[in-house]
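As structure tokens, the structure follows; a few thoughts come after it.
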Amino acid sequence: MVSGTRVQQPALAPFVKEELLTREELEKCIAVLTKNKALNLKGAQVSGTNLYTDVSSRAGQPASKVSNNVWVRDNMFLALALYVSDTTGEGMQSAVAIVNDVAAFFLKTAARFDDVIGGSADPNDPMSRPHVRFNGAALEENEEFWNHKQNDALGYFIWLRCRLCAQNKMRMTGDHLRLLGLMLEYLLKIEFWQDEDAGHWEEAQKIEASSVGAVTAAAKEFKRLLDQYPGMIVPCCDGTLDEIEERGDEALEAMLPRECAQPGKERVVDSALLFLIYPLNLVKADMARTILKNVEDQLVAKFGVRRYNGDSFWCKDYKDKMGGGTRRAFTAEEIRQRDKMVMPGQEAQWCIFDPIISASYGNLYRETRDWEDLNKQQYYLGRALAQITGPDCPQGAWICPECYYLCKSSWVPNDSSPRLWTQANLLLALHFMDESLVISGDEVKNEFKRYDIAGMGSITLDDLCVVLQKLNADLPMEDLQPLLKSFATDGKVNFESLIDGLFSGTKASPAKASYNLRGLRPLQAMSLDEVCEAERVATDALLEMHGEFEGEYYPLPRSQSFPARLGGMTKKEEQALQTSGMCFKSKEASGRGVFINAEKDMAVLINSESHLEIIIKPDLGDASAAPKRLRMLENVLRDQLKLSGYDFA
């Protein structure tokens with residue numbers, strides 16, 4: 001366990017440690033989180049939409065307790081997490097759907113931008129600004145007062161919309177392009193670089209580097225997109241993008257590493273600055289390290305990370321002192337009065353930052369290959385895991401809290417838990433940790449190869465000790481010798497096997513098996529009619545299965561051999577199956593297709609390279625589960641085939 005870290009959930013203790021995790025251990029950690037629904041986002045989804053509110057419901061919570069209010073910022077972070085951590089294609093589809101719904105709201109209320117640009121609305125009135133918190137169910141503005149002066153939220157939307165297009169994940173449509181142009185004109189009109197907004201924390205208005213940075217990053221991302229697609233034209237005044245970038249850079253140069261430099265409103269350190277490192281990747285490495293050091297030295301605490309020193313939101317005994325109303329908007333005067341309640345060290349400790357610090361060190365590690373960065377990446381991931389609630393939490397176990405606050409004499413999760421933003425950031429941290437573990441294994445392999453002059457893929461035990469001590473002079477070689485010898489044969493160690501064993505562990509792989517049907521010729525020798533007969537026999541058997549193997553058959557596109565789906569699967573279905581690795585292509589479509597179960601973790605390819613090819617996806621962290629399910633499916637499918645007079649050859 002990491003020294004000084006209290007793990008709330010005992011089941012996660014094995015994954016919060018000082019020694020470098022293996023990929024197998026990380027996979028098991030994700031499996032435990034998934035099994036216990038710690039990363040389940042569905043409870044926060046607004047019914048009938050692709051949007052999410054800020055706090056997830058828990059099992060058994062009445063639907064009336066779930067808000068329809070959605071925040072643009074939170075949904076952009078969630079879309080980013082789903083997109084970055086996607087392995088099946090479903091996350092990417094969800095991310096695109098979220099961005100589309102937010103765009104639909106902005107298009108519906110585009111007059112907000114026009115009115116400010118045209119001078120008919122006062123930008124000093126927060127309710128006259130474009131709304132960044134709205135009713136997600138109806139895509140309507142809320143009438144209640146809220147401080148919508150949050151330029152960072154608009155910046156995140158522009159940045160992510162352009163990023164998805166640049167990476168060929170979301171085609172840029174004409175209406176979206178016009179919307180982005182309108183938003184840029186608006187941000188220039190309000191002079192965002194010197195605009196006092198409420199920022200990430202929706203509090204006292206000031207010129208904030210984190211808000212200026214989000215808009216500046218958006219402009220830079222848009223310019224990269226235009227370089228990629230020279231024919232794309234932004235529907236706004238000439239020079240708008242350039243001026244936004246230049247004004248933003250100048251303002252940041254004068255402000256960073258401070259959050260606010262205005263006399264009387266200065267704020268030296270604020271955790272919102274972390275977002276300029278990740279996800280926005282706006283600041284250079286030296287500035288990134290300065291921001292990280294400032295946060296680590298001044299804001300990182302035992303249970304989480306303070307937003308800033310003197311933060312009164314959820315300070316000691318907050319509920320008792322405020323008498324409820326924790327999720328309403330506060331006026332500037334109310335915030336000033338609230339700030340009088342907080343004492344140093346009694347600020348809330350938030351759970352949204354440790355994953356971002358971990359991801360930030362992961363980004364630095366990919367550039368530097370410095371093991372200190374890797375160690376810090378894992379350290380802050382461990383802190384994030386330690387914050388997940390245990391069995392004694394009143395709100396329930398396996399919750400990702402918004403923050404811990406001091407209630408009487410105990411630090412407990414606040415009411416806004418589980419928090420969607422925390423879950424999204426944890427998804428990002430887990431993804432980048434896995435990437436770094438892959439890199440770390442490759443780094444050691446490359447160092448070993450320098451000693452493999454003969455290209456034999458092995459290294460002597462003596463040379464192995466030299467390499468390991470070079471990588472880490474503090475390693476106790478006398479303790480490692482017995483372990484290293486277990487990988488040795490005739491005094492030599494195969495370094496591929498060694499590093500895969502030490503850094504990856506046993507990775508679960510899909511279980512596969514191929515069969516031909518008895519009584520039918522091999523696929524390569526078949527006529528088209530025979531291929532279609534094999535399809536008929538196989539689908540008759542597969543479509544009779546129930547339980548975990550019950551599913552649907554998707555003929556290849558343009559197939560005319562399966563009466564229930566003439567023309568075959570749709571393009572969208574084909575893309576989804578290809579993304580999940582459960583599809584194939586063939587010049588002849590008829591007689592060929594894919595059967596897939598409802599959970600989409602089992603598929604049978606029909607007439608791909610053999611009559612039947614079974615694929616069972618592995619359970620996370622359990623290498624033995626897929627082979628067991630494969631044997632079970634083989635038995636069930638054989639019994640069904642026998643009813644039609646067939647069997648495996």
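For reference, positions follow the sequence shown, starting with 1. Just so we're clear, the structure is a prediction, and the values are computed from it rather than from any experiment.
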Under the side-chain contact (heavy atoms from CB on, under 4.5 Å) criterion, do F157 and M183 qualify, and how do the steps go? CA-CA 10 Å; F157 172 77; M183 297 174 88; 3.7 Å; yes
Take N142 and R133 through the side-chain contact (heavy atoms from CB on, under 4.5 Å) test and state the conclusion after the steps. CA-CA 8 Å; N142 292 319; R133 173 185 178 269; 3.7 Å; yes
Walk me through whether L605 and F595 qualify under side-chain contact (heavy atoms from CB on, under 4.5 Å). CA-CA 6 Å; L605 311 187; F595 176 87; over 6 Å; no
As a quick check of understanding, evaluate side chain to side chain donor-acceptor pair (under 3.5 Å) for D529 and S527, giving each step before the final call. CA-CA 5 Å; D529 287 343; S527 67; 5.3 Å; no
Could you walk me through whether K571 and E574 pass the salt bridge (charged side-chain N to carboxylate O under 4.0 Å, His left out) test, one step at a time? CA-CA 5 Å; K571 186 174 182 179; E574 181 185 22; over 6 Å; no
Determine whether M602 and K617 satisfy the following criterion, side-chain contact (heavy atoms from CB on, under 4.5 Å), listing intermediate values before the conclusion. CA-CA 6 Å; M602 179 280 288; K617 285 189 175 181; over 6 Å; no
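Note: M76 CE to L154 CG = 11.0 Å, rounded to the nearest 0.5 Å. Note that CG of D434 is 10.0 Å distant from CD1 of I439, once rounded to the nearest 0.5 Å. Summarising the geometry, atom CD belonging to Q640 is positioned 10.0 Å from atom CG belonging to L543; distances are rounded to the nearest 0.5 Å. In this structure, CG in L577 is found 5.0 Å from SG in C583, a value given to the nearest 0.5 Å. With rounding to the nearest 0.5 angstrom, the CE atom of M172 is 9.0 Å from the CG atom of L164. Rounding to the nearest 0.5 Å places CG of L39 at 6.5 Å from CD1 of I388.
Taking all atoms of both residues into account, the shortest heavy-atom contact from Y186 to P130 is OH-CD, 3.2 Å. Closest heavy-atom contact between F275 and F77: CD2-CZ, 3.7 Å. Counting all heavy atoms, side chain and backbone alike, N50 lies closest to A97 at CG-CB, 3.4 Å. Nearest approach of T53 to V70, heavy atoms of both residues: N-CG1, 4.0 Å. In terms of heavy atoms, K642 sits closest to D647 at CE-OD2, 3.4 Å. When every heavy atom of G591 is checked against every heavy atom of N607, the shortest pair comes out as O-ND2, 2.7 Å.
In this structure, I233 places its CD1 atom where only 12 or fewer heavy-atom neighbours from other residues, nucleotides or ligands lie under 6.0 Å away. No more than 12 heavy-atom neighbours from other residues, nucleotides or ligands sit within 6.0 angstrom of NZ on K169. Under a cut-off of 6.0 angstrom, the local environment of CZ in R558 is sparse, with at most 12 non-hydrogen atoms contributed by other residues, nucleotides or ligands. Within a 6.0 Å sphere centred on NZ of K108, other residues, nucleotides and ligands contribute more than 12 heavy atoms. Heavy-atom neighbours of E599 CD from other residues, nucleotides or ligands within 6.0 Å: at or below the threshold of 12. Within a 6.0 Å sphere centred on CD of E609, heavy atoms belonging to other residues, nucleotides or ligands number 12 at most.
For the pair D86 (side chain) and L82 (backbone), a donor-acceptor distance under 3.5 Å is absent. Distance alone, capped at 3.5 Å, places no donor-acceptor pair between the T49 side chain and the A137 backbone. For the pair E402 (side chain) and C351 (backbone), a donor-acceptor distance under 3.5 Å is absent. Panel note: side chain S358, backbone Q377; a donor-acceptor pair is recorded below 3.5 Å. A donor-acceptor pair is defined here as one N or O able to donate and one able to accept, closer than 3.5 Å; such a pair exists between the side chain of N597 and the backbone of E548. Distance alone, capped at 3.5 Å, is enough to place a donor-acceptor pair between the E588 side chain and the S590 backbone. Side chain of E613 to main chain of S514: no donor-acceptor pair is present (N/O by atom type, distance under 3.5 Å, no hydrogens or angles). Not one N or O on the side chain of E367 forms a donor-acceptor pair closer than 3.5 Å with the backbone of L364. Under a 3.5 Å cut-off, the side chain of S586 and the backbone N or O of A589 do not form any donor-acceptor pair. Distance alone, capped at 3.5 Å, is enough to place a donor-acceptor pair between the S94 side chain and the E90 backbone.
Salt-bridge check for R536 with D540: passed, with a basic side-chain N closer than 4.0 Å to an acidic carboxylate O. Remark: R23 does not engage E27 in a salt bridge, criterion side-chain N to carboxylate O under 4.0 Å. Under the 4.0 Å criterion applied to side-chain N and carboxylate O atoms, R224 and E221 are assigned as salt-bridge partners. Under the 4.0 Å criterion applied to side-chain N and carboxylate O atoms, R565 and E552 are assigned as salt-bridge partners. Ion pair E533/R521 not flagged as a salt bridge, since none of the NZ, NE, NH1 or NH2 atoms sits closer than 4.0 Å to an Asp/Glu carboxylate oxygen. Comment: E535 does not engage R592 in a salt bridge, judged by the lack of any side-chain N to carboxylate O separation of less than 4.0 angstrom. A salt bridge links E141 to R112: at least one charged side-chain nitrogen sits closer than 4.0 Å to a carboxylate oxygen.
Side chains of C29 and L33 form a contact here, defined as non-hydrogen atoms less than 4.5 Å apart. In this structure the side chain of Q228 reaches within 4.5 angstrom of the side chain of N168, judged on heavy atoms. Side-chain contact between L426 and L381 is present, with at least one heavy-atom pair separated by less than 4.5 Å. In this structure the side chain of T88 never reaches within 4.5 angstrom of the side chain of K600, judged on heavy atoms. Contact annotation: the side chain of L20 approaches that of L437 to within less than 4.5 Å [non-hydrogen atoms, C-beta and beyond]. Residues Y156 and V72 fail the side-chain proximity criterion, which asks for heavy atoms closer than 4.5 Å. L41 is listed as a side-chain neighbour of L427, based on a closest heavy-atom distance under 4.5 Å. Taking 4.5 Å as the limit, every side-chain heavy atom of I614 sits out of range of all side-chain heavy atoms of K512.
Ring pair F113/F106 is perpendicular by interplanar angle, where above 60° counts as perpendicular and below 30° as parallel. Using bins of under 30°, 30° to 60° and over 60° for the plane-to-plane angle, the ring pair Y278/F432 lands in the perpendicular bin.
With ring centers used as reference points, F105 lies under 6.0 Å from F134.
For the side-chain contact (heavy atoms from CB on, under 4.5 Å) test with Y553, the passing option among V594, L542, T539 is T539; the others fail.
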